[in-house]
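Taking it in order: structure first as C-alpha cells, then the write-up.
Hydrogens, waters and symmetry mates are skipped; everything else that's a heavy atom, side chains included, is used. Below, chains carry the letters A, B, ... as their sequence lines are ordered, and counting in each starts from 1.
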Amino acid sequence: MNTIICRHCDLVSERPVLTKGYVAKCARCQHTLYKAKAANAKKILALALTALLLAPPAFSFSLVSVHLLGVTEQTNLLQGALLLIDFAPIVAFVVIFCAVVAPVLLAACMCFSSACIVLNKRPHLLSPVLKMTSLLIHWSMLEVYIVSFMVALFKLNSYADLYYDNGLFFLVALLILNMSMICEYSNAYYWDFFTNE
Amino acid sequence: MNTAMLIIGTSLPMNKPLKSGLSAIQQDTQLCKVCDRASSISLNKTHCPHCGTPISVRTKHSIQKTWALLCIAFIFIFPANIYPITYLLKNNEAYPDTIFSGIMTLVSTGMTGIAIIVFVASMLVPVLKIIALAVISLAAHFKWKINPKTQLLAYTIVDWIGRWSILDLFVISIMMAVFDKGNFLSVYPGIAATSFTVVVITTLFAAQSFDTRLIWDANLDAN
Ligand SMILES: [Zn+2]
Ligand SMILES: [Zn+2]
C-alpha cells in the first residue's frame, strides 16, 4: 500500500520515499507519520537487557546520604515509595507504578518482543506484549522522577548536608536507556512483523 | 487468539487505493490504534482484520469519557489545594503545608526557581489541563469553528506537560524516605496528597481517552 493514514488527524497521505535521517510529517497536523530508519530490534534488545540488569541496583542502592545531627541516613527509591503505603496507599501505588513498575515492565516487554524478532518467532503472547508496550510508554516516568529528585535535594539542602551515592548513577543510566529504547521503538514495525508470516 | 486468526483469514479487502488529502473516514477506511493498519469500515465493524483487537472508527464514547474524568478531576482539585499536602513533624510538633504554602516557603527561603517549577507542575498545569481539555472536547462536540491546528497543539502540550504534575508526589516520597529514621524531623503526607493524585491520574486518563481525530471530524468541510 502506498498511502499512510495519520493517527492524530485521520488524513490520508501518499507514502514518500525517505532519505536516511529524514522524518515524514503529516501535512495537516504536523505530527510525525514515520521515520526513515526502521526499528533496529537487535539494538533495542541490547538496550532493554541492559536496562533490566541496571534496574535492581537503580531502585535498591542508596541515591543520597543525608547527614543530620551526626547521623547519616541513606535513601533509595523503593524505600521512599514503600514508606508511603501506610499513610497514603493511592499515592504510594501511583509512585511505585510510574517510577518502578512501568519502566521495568516496559524494558521486559521490549526485551521479549525484540527477542521474538531477532529469533524470528511469533508466539501468541507477542500480541498482548505489544499492546502493553504502547500503554507502558505513557506511564514510564523516570525523567519526572529525576527532576523531582533534584527538587527534593534543593529543598533538603536547607536542613542537612547531602552526599550523592552510587544508586543515582544507576538511575540516570536507566533513564537514558529507557529513553533510547522508546526513541528507537516503532509500534507499526513490530506489529508488521507479528501479522506478516 | 484463535478467533483473531480466523478473522485475519476471512476479510482483507484493501484493494481500492485511497485518495490522499482527504480524511480516511470519508473513504470508508479506519486506522487501528493498536497495530497502525488500515481496514474497511463497512466490512470490519467489530474487530481489526490485522491484529484481531476490537476496533471502532473513533474511540468509543471518547467525549463522554473525557468529560466524566474531567468532572472528577474538577471536584478533587479543591481538596487538593485547600487541605495540607504534607506535615512536617519537628520536635513533636506538626507543621502542615498546603501546596500553596509550600511554594511560599520556597520563595521566602530564596529558592524562587524551584518554587516556579513546583508552582507550574502542581497548580498551573492541572488547572490549565482541565480547561484546555474541556474546551477542546466541547469544540469537537458542538462543532465550534476553532482552528483545529491550535486545538491539536493545545492537546499535545497538555498531554506532554500533564505527566510533570506527578512531580510533587515523587518529591513527597523522597522527603519521607530521607527523614525516615530521624526522630528530630519527619514528613508525612496529608489528605491533599491523595486528592492531588486523583486529579493527576484522572486528567492523564482524560487526555488519553480523547480521540484527537474528532477535532478534524468537526472541521471536515473547513479542512
Ligand atoms: Zn495528521
Ligand atoms: Zn489492528
Worked verdict on B/Ile166 versus A/Met141 for side chain to side chain contact (heavy atoms under 4.5 Å, CB included): CA-CA 9 Å; B/Ile166 233 158; A/Met141 301 196 185; 3.9 Å; yes
Contacting region of B/Lys33 [heavy-atom separation from chain A under 4.5 Å]: both
Can you tell me which portion of B/Gln208 sits under 4.5 Å from chain A's heavy atoms? Options are side chain, backbone, both or neither. side chain
Measuring from A/Leu83:CG to B/Ser186:OG, what's the distance to the nearest 0.5 Å? 11.0 Å
I would like to know whether A/Val94 and B/Ile201 meet side chain to side chain contact (heavy atoms under 4.5 Å, CB included); could you show each step before the answer? CA-CA 8 Å; A/Val94 169; B/Ile201 297 306; 3.9 Å; yes
Given heavy-atom pairs under 4.5 angstrom as the criterion, report whether the side chain, backbone, both or neither of A/His31 touches chain B. side chain
Separation between CE (B/Met175) and CG (A/Leu84), nearest 0.5 Å, reads 12.5 Å
Contact list (residues 142-157 of chain A to chain B, heavy-atom gap under 4.5 Å, by number) returns A/Glu143, A/Val144, A/Tyr145, A/Val147, A/Ser148, A/Phe149, A/Val151, A/Ala152, A/Phe154, A/Lys155, A/Leu156
With respect to chain A, which residue among B/Ile25, B/Val34, B/Thr156, B/Leu169 yields the maximal number of heavy-atom pairs within a distance under 4.5 Å? B/Val34
Side chain from CB out, backbone as N, CA, C, O: work out which of these in B/Leu167 comes under 4.5 Å of a heavy atom of chain A, or both, or neither. both
What part of A/Thr133 gets within 4.5 angstrom of chain B, counting heavy atoms only: side chain, backbone, both, or neither? neither
Can you see whether B/Ser23 engages A/Arg28 through a side-chain donor-acceptor pair at a distance of less than 3.5 angstrom? yes
I need the A/Asp10 CG to B/Asp211 CG distance, nearest 0.5 Å. 8.5 Å
Whatever's closer than 4.5 Å to a heavy atom in chain A on B/Leu152 counts as side chain
What's the spacing between B/Ile174 CD1 and A/Leu77 CG if we round to 0.5 Å? 7.0 Å
Any chance you could measure B/Cys32, atom SG, to A/Trp191, atom CH2, to the nearest 0.5 Å? 7.5 Å
Name the member of A/Ala81, A/Cys29, A/Ala92 that forms the most heavy-atom pairs with chain B at distances under 4.5 Å. A/Cys29
Would you indicate whether B/Tyr83, at its atom OH, is surrounded by more than 12 heavy atoms from other residues, nucleotides or ligands within a distance under 6.0 Å? no
Kindly say whether A/His8 contributes a backbone atom to a donor-acceptor pair with the side chain of B/Thr212 at under 3.5 angstrom? yes
Part of B/Ser20 within contact of chain A (heavy atom distance under 4.5 Å): both
So, for B/Gln27 and A/Val12, which heavy atoms are closest and what is the spacing to 0.1 Å? NE2-CG2, 3.8 Å
Which heavy atom of A/Ile5 sits nearest to which heavy atom of B/Ala38, and what is that distance? CD1-CB, 3.6 Å
Can you say whether B/Leu106 sits under 4.5 Å from chain A via the side chain, the backbone, both, or neither, judging by heavy atoms? side chain
Below 4.5 Å from any heavy atom of chain A, which atoms of B/Val200 appear? Answer side chain, backbone, both or neither. neither
Spatial distance of atom OG (B/Ser173) from atom CG (A/Leu78) [nearest 0.5 Å]: 10.0 Å
Taking A/His138's backbone N and O only, do any of them form a donor-acceptor pair with B/Arg163's side chain (distance below 3.5 Å, no angle check)? yes
Applying a strict 4.5 Å limit to non-hydrogen atoms, the region of B/Leu204 in contact with chain A is side chain
A/Val95, part contacting chain B, at a heavy-atom distance under 4.5 Å: both
Quick one: do B/Met176 and A/Gln79 satisfy side chain to side chain contact (heavy atoms under 4.5 Å, CB included)? Show the steps, please. CA-CA 9 Å; B/Met176 266 195 84; A/Gln79 175 199 359; over 6 Å; no
Using non-hydrogen atoms only, which part of B/Thr109 is less than 4.5 Å away from chain A: side chain, backbone, both, or neither? neither
Pick whichever of B/Gln26, B/Gln30, B/Met111 has the most heavy-atom pairs under 4.5 Å with chain A. B/Met111
Please classify the contact between B/Thr105 and chain A as side chain, backbone, both or neither, with a heavy-atom cut-off of under 4.5 Å. neither
Option that, when pairs with chain B are counted at under 4.5 Å, heavy atom only, ranks first among A/Cys9, A/Ala88, A/Pro89, A/Ala27: A/Cys9
